[in-house]
Enquirer: 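My questions all concern the structure below.
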Amino acid sequence: MELNKDPEVWRRLGRALREARERRGWSQEELAAEAGVSKGAVQGAEAGRVPKTRMPQTLAPIARALGWPAGSVERVIAGGEPPGGWHDVRAEIADEEVAAIMTNAMVRSIDGATGVEIRQATESALAELRRRGFLADLTGAHQNESNRNA
């Protein structure tokens with residue numbers, strides 16, 4: 001399998017690892033000791049450094065120390081959710097990136113678009129932000145809130 005070189009994928013993984021460590025109340029040194037790796041390995045993983053040639057061997061022990069099941073790192077790299085989901089991961093996205101995603105969605109759908117079509121485009125952009133881990137998937141919460149307000 002070819003190594004994913006997309007920097008955003010690795011930043012996303014780094015955010016998930018950092019949040020998992022912080023939820024445990026551990027310092028980077030404590031995680032390194034628990035995982036049996038160097039502090040630099042933890043720092044590199046959390047910084048989301050893109051590996052040059054292969055998957056870093058230190059990621060598996062870091063993930064295990066955080067209680068992630070086998071295959072979790074690969075799942076996050078492939079676009080899936082980290083164990084426990086994204087609900088606790090702070091958003092780290094520049095306004096310009098949000099604008100670019102929203103603009104791209106609107107441009108694809110704007111030619112004679114109705115209000116319903118524009119809403120669909122917005123939902124598409126929000127779904128992409130959720131897929132990338134920038135927004136929590138609160139679909140159920142929004143539906144419940146909408147039902148209360150109806």
Side-chain angles (χ1 to χ4, degrees), residues 1-111 113 116-143:
M1 186 166 105
E2 189 173 318
L3 180 68
N4 188 327
K5 296 281 194 165
D6 180 359
E8 181 51 42
V9 166
W10 292 93
R11 282 191 296 270
R12 185 174 177 267
L13 175 63
R15 282 192 305 273
L17 292 169
R18 184 188 68 238
E19 289 294 328
R21 174 183 57 79
E22 289 176 350
R23 278 193 304 274
R24 288 183 175 265
W26 289 350
S27 68
Q28 288 180 330
E29 294 86 358
E30 290 168 321
L31 174 54
E34 188 70 28
V37 301
S38 70
K39 179 182 173 189
V42 171
Q43 289 172 330
E46 289 185 2
R49 292 190 191 123
V50 179
K52 292 183 176 103
T53 58
R54 60 180 168 76
M55 180 78 72
Q57 294 176 339
T58 54
L59 283 177
I62 290 170
R64 266 193 312 275
L66 291 169
W68 287 17
S72 295
V73 168
E74 292 80 4
R75 228 177 350 272
V76 173
I77 289 171
E81 292 193 5
W86 287 107
H87 56 78
D88 290 334
V89 179
R90 290 187 301 267
E92 293 183 12
I93 183 171
D95 289 351
E96 297 82 25
E97 192 168 355
V98 172
I101 291 168
M102 297 298 285
T103 300
N104 190 19
M106 295 304 158
V107 167
R108 285 193 310 259
S109 65
I110 203 66
D111 189 25
V116 168
E117 292 166 330
I118 290 173
R119 266 192 304 281
Q120 289 171 338
T122 300
E123 287 302 317
S124 173
L126 292 171
E128 177 65 12
L129 291 168
R130 286 184 192 97
R131 186 191 69 76
R132 293 186 185 191
F134 295 125
L135 297 176
D137 186 359
L138 301 175
T139 306
H142 285 116
Q143 288 172 347

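What you see is a predicted model, and the numbers here were worked out from it, not measured in a lab.
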Enquirer: How many angstroms lie between atom CG of L31 and atom CD1 of I62, to the nearest 0.5 angstrom?
Expert: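 Those atoms lie 6.0 Å apart.
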Enquirer: For A63 and V73, work out which heavy atoms get closest and say how close.
Expert: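 Heavy atoms only, the tightest pair is CB-CG2, 3.7 Å.
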Enquirer: How about K52: does its NZ atom have over 12 heavy atoms from other parts shown lying under 6.0 Å from it?
Expert: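 Open.
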Enquirer: With a 4.5 Å limit on heavy-atom distance, are the side chains of L59 and L13 in contact?
Expert: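 The answer is yes; the side chains approach within 4.5 Å.
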Enquirer: As an exercise, state the distance from CZ of R24 to CD of E19, rounded to the nearest 0.5 Å.
Expert: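 CD of E19 is found 14.0 Å from CZ of R24.
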Enquirer: Under a 4.0 Å threshold between the charged nitrogen and the carboxylate oxygen, would R15 count as salt-bridged to E22?
Expert: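 Salt bridge absent between E22 and R15.
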Enquirer: Can you give me the closest heavy-atom contact between G80 and R12, atom names plus distance?
Expert: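 Closest approach of G80 to R12, heavy atoms only: O-NH2, 2.9 Å.
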Enquirer: Closest heavy-atom contact between A45 and L17?
Expert: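 Residues A45 and L17, closest heavy atoms: CB-CD1, 3.8 Å.
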Enquirer: Looking at CD of E29 and CD of E34, how far apart are the two atoms once the value is rounded to the nearest 0.5 Å?
Expert: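 The CD atom of E34 is 14.0 Å from CD of E29, to the nearest 0.5 Å.
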Enquirer: Report yes or no: does W10 contribute a side-chain atom to a donor-acceptor pair with the main-chain N or O of N4 at less than 3.5 Å?
Expert: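 Checking the backbone N and O of N4 against the side chain of W10, a donor-acceptor pair under 3.5 Å is found.
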Enquirer: The criterion is salt bridge (charged side-chain N to carboxylate O under 4.0 Å, His left out); which residues satisfy it with E46, sequence neighbours excluded?
Expert: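 R21.
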Enquirer: Could you pull out the closest heavy-atom pair between R11 and A47, with the gap in Å?
Expert: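 In this case the closest contact between R11 and A47 is CG-O, 4.5 Å.
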Enquirer: Say whether, by atom type as modelled, one donor and one acceptor occur between the side chain of K39 and the main chain of E30 under 3.5 angstrom.
Expert: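 Looks like no, no N/O pair under 3.5 Å.
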Enquirer: Got a second to check how far R64's CZ is from S72's OG, nearest 0.5 Å?
Expert: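 One gets 11.5 Å once the value is rounded to the nearest 0.5 Å.
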Enquirer: Indicate the atoms forming the closest heavy-atom contact of R54 with P51, along with that distance.
Expert: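 Closest heavy-atom pair between R54 and P51: O-CB, 3.2 Å.
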Enquirer: Is it the case that the side chain of R49 and the backbone of Q43 share a donor-acceptor pair, with hydrogens and angles ignored and the cut-off at 3.5 Å?
Expert: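 A pair under 3.5 Å: no.
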